[in-house]
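For reference, the structure is listed below as structure tokens.
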Number of protein chains: 2
Amino acid sequence: MITTSDIVLGANAERSRSHNRGMVLGQIRLAGRIGRADIARASGLSIQAVSNITSDLLEDGLIVDRGRGTAGRGHPPVLYALNPDGGYAIGVEIRPDAIFAGILNLCGETIASERWSLESTDRDTITQTLLRLRDHIVTKAGISERKLLGAGVVMPGPFGATGLSDSESDLPGWEDVAPGRWFAEHLGMPVLVENDANAAAMAERISGIAQSLDTFAFLYFGRGLGLGVIANGRLMAGAFGNAGEIGHIPVPCAGRTVPLESVVSRLSVQRALQQQGIDAPSTADLDRLFAAGDPVLMTWLDTAAEPLSAAITILENLFDPETVILGGALPQSILEHLVGRIRLSGRSVSERADRLHPRLMTGASGRLTATLGAAALVINQAFVPKIADLP
Amino acid sequence: MITTSDIVLGANAERSRSHNRGMVLGQIRLAGRIGRADIARASGLSIQAVSNITSDLLEDGLIVDRGRGTAGRGHPPVLYALNPDGGYAIGVEIRPDAIFAGILNLCGETIASERWSLESTDRDTITQTLLRLRDHIVTKAGISERKLLGAGVVMPGPFGATGLSDSESDLPGWEDVAPGRWFAEHLGMPVLVENDANAAAMAERISGIAQSLDTFAFLYFGRGLGLGVIANGRLMAGAFGNAGEIGHIPVPCAGRTVPLESVVSRLSVQRALQQQGIDAPSTADLDRLFAAGDPVLMTWLDTAAEPLSAAITILENLFDPETVILGGALPQSILEHLVGRIRLSGRSVSERADRLHPRLMTGASGRLTATLGAAALVINQAFVPKIADLP
DNA sequence: CTTGAATGCTCAATACAGTTGAGTTAATCG
DNA sequence: CGATTAACTCAACTGTATTGAGCATTCAAG
């Protein structure tokens, strides 16, 4: 991800305002409907300040008046909520063979989605295809281009040449360019670039099961296995933007030590099926096989449970998340089976009586998870305070 | 750690100032000696704003004028540096059998340290002992109490009752109290509470080998094995303050899968030695055995290398840190031997050509690492922007 | 039903902190 | 030696948030 977003450090009047605007929007998102006095209490700002900011937001169409509150005595508050039509974000996922795109509104609802095939992955082809795809999907969604907040782009990681680079999954022709800047220039809007797992994790936070969670880990079944960690509401990116490569950690499996994604991933189950002559290229295929109780698939699930459980113990003890979420390009049925099947270790910091959420949950599934997550990255930007801080 | 520090969200004039002060101090610390124009460029503030802030800091005695710069043409800048005497922090480490304390100055230099035995771990005994110890060490260091910025306290984790709770290492009598608030009230100063590994990691950043690193992982050899992760200059705490319990993750060792700290920790080496009738309670004992090439110790080192290497691969792929640092209550000689002995996996996001630092390094070692780290937590506060942000 | 307390909110004045623009000083370069 | 570059200061300005007075609306107690 090459940490694009300009890291601004000092606070001044302008940046304070933008910071507070993001905060107020975040509070409104979190609460659903909320009055100004409550926002002020939650944010440590004066009522007057919140009042000024909300009237700005109202004028900009980002929030709407949603009636009066009732509880208790005293003057009932005016309640505000996000305006779904207040802004939109495009999400784009670039794969070696296709481009996926989707549009999310400010409330995180999907407005449109598309899949276009790619003949080549060179920069020109991708850029031209993307421009046409953008126009197409914006028209299809019937929204005004002015209301686009930006675009999120998901590309195969890891970024830069690392020990995990792998010509099969990487995009040739993109090694020597910063994709964030490239797309920002060509699309003419702010662009965030992330890997699939991080984007999918953000989707859970914006419109999924993790809307009220600040610290969680998301295990993403893509081609391999990815991890997105959100800590205190922020994506954990790592020094070079490559954090979360969980697929490559060594885990025990049937007495041996193997890389996690060699036994727990979409590719691994498809390989296991193929060895028995079963072809299951799509998520729907897998769903069908699962519903039919296919023995090869069931055996794979049994085998995968142990290393997956080990991986979750590792995640819990290293990150101490509120929960671990399983999602991505496997059918919901299989994800749910895995969640039910896995015996979580008792030797974990996550084994505590005062938990508010289960240790393991299923999140969004299906092929579009990462694409919509890319858009969620942009939507999230609106809700996050802007004064970045580095020591 | 019970995330004490009041999480303020909104920005106003007062908080902006304090934020910018922290930022400017952080820049000065990072650079060593720096002029106002450079600070302005690094922070995105105007020269005038930086000028106002530095003159405040100068007046408060936090920084000092350190002559003029020379390079290039134009008016040479006035260079500022941290004033070591500008402030002090007390670090305290509470163990079941003793209290350690140390004092650090603003530059992270150790001014004094002490070890006092404990007869009991009940709240009263510890609190009373701590108050006397504080007075004693402040007198010994010969500093003014007014210049104390606060205290950092290291206590055995994990915090709260979890699946890892273990009556042998926990402190009885502290389950139902928030230690941060308790100590803040009784010591009459701001208090930060952390576990040993996190504190030690912060020590590396304030006065150790990681002074210019923003994202790194610190493997801490205490009783067991702990992990402190600093990401973007902040400690990664986890949802319940228990992140970094790396000692309990499953790793392969000699064909079996075991909890990491059962084979890689001070306790594990001491147990191995004891089984052969060798008693080595202190760090110095271990150093002596290592220098003598003791065969039991050497065998243990050989055995530990494989699981430790696996753990480092996990850390690298999950956190993508700039480096991994080994430190804590083992002699420097053994840490260095381990760093040299470990064969790092090539299948890691950290295996990249453009690295600025080695993948594995040794940090501070010895019994006081965590104690001084506790003080470093407080010193660090001075250097960090204050506008906290939660979405 | 009246009165008072509690609560949400507005308006106008104020304060704080950073920015801007016009100098001043001090070094290097040609 | 003059032109140029760069750091810095001074004073006026601007943007945001805060403060305090006051109004509106609701509930509850008498």
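Residue numbers begin at 1 in each chain, while the letters A, B, ... track the order of the sequences.
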### Task
Give a yes or no on whether B/Q211 atom CD has more than 12 heavy-atom contacts from other residues, nucleotides or ligands under 6.0 Å away.
yes
### Message
How would you summarise protein contacts on nucleotides 22-30 of chain D per nucleotide, using B for base, S for sugar-phosphate only and - for none, with heavy-atom distances below 4.0 Å?
### Response
--BBBBS--
### Query
Does D/dC8 have OP1 or OP2 sitting under 4.0 Å from an N or O in the side chain of B/S51?
no
### Task
Using a strict cut-off of less than 4.0 Å between a Lys/Arg side-chain nitrogen and an Asp/Glu carboxylate oxygen, indicate whether A/R21 and A/D60 qualify as a salt bridge.
yes
### Message
Could you go through A/E59 and A/T54, starting from their C-alpha distance and side-chain angles, then the distance that decides it, and tell me whether this counts as side-chain contact (heavy atoms from CB on, under 4.5 Å)?
### Response
CA-CA 8 Å; A/E59 211 166 282; A/T54 49; over 6 Å; no
### Task
Kindly say if A/R41 contacts the phosphate of C/dG8, meaning a side-chain N or O under 4.0 Å from OP1 or OP2.
yes
#### Entry: With sequence neighbours excluded, residues passing side-chain contact (heavy atoms from CB on, under 4.5 Å) with A/A141
A/I103, A/I111, A/A112, A/I143
### Message
Is there a side-chain contact (heavy atoms from CB on, under 4.5 Å) between B/R205 and B/R29? Walk through the geometry before answering.
### Response
CA-CA 11 Å; B/R205 189 171 152 74; B/R29 182 192 81 85; 4.1 Å; yes
### Task
Please round to the nearest 0.5 Å and tell me the distance separating atom CZ of B/R33 and atom CD1 of B/I63.
13.0 Å
## Note on the structure
For nucleotides 15-21 of chain D, 5' to 3', base contacts (B), sugar-phosphate-only contacts (S) and non-contacts (-) with protein non-hydrogen atoms under 4.0 Å give -SSBB--
### Carboxylate-amine/guanidinium contact A/R17 A/D56, below 4.0 Å
yes
### Message
Nearest whole Å is fine: how far is C/dT7 P from A/I39 CD1?
### Response
18 Å
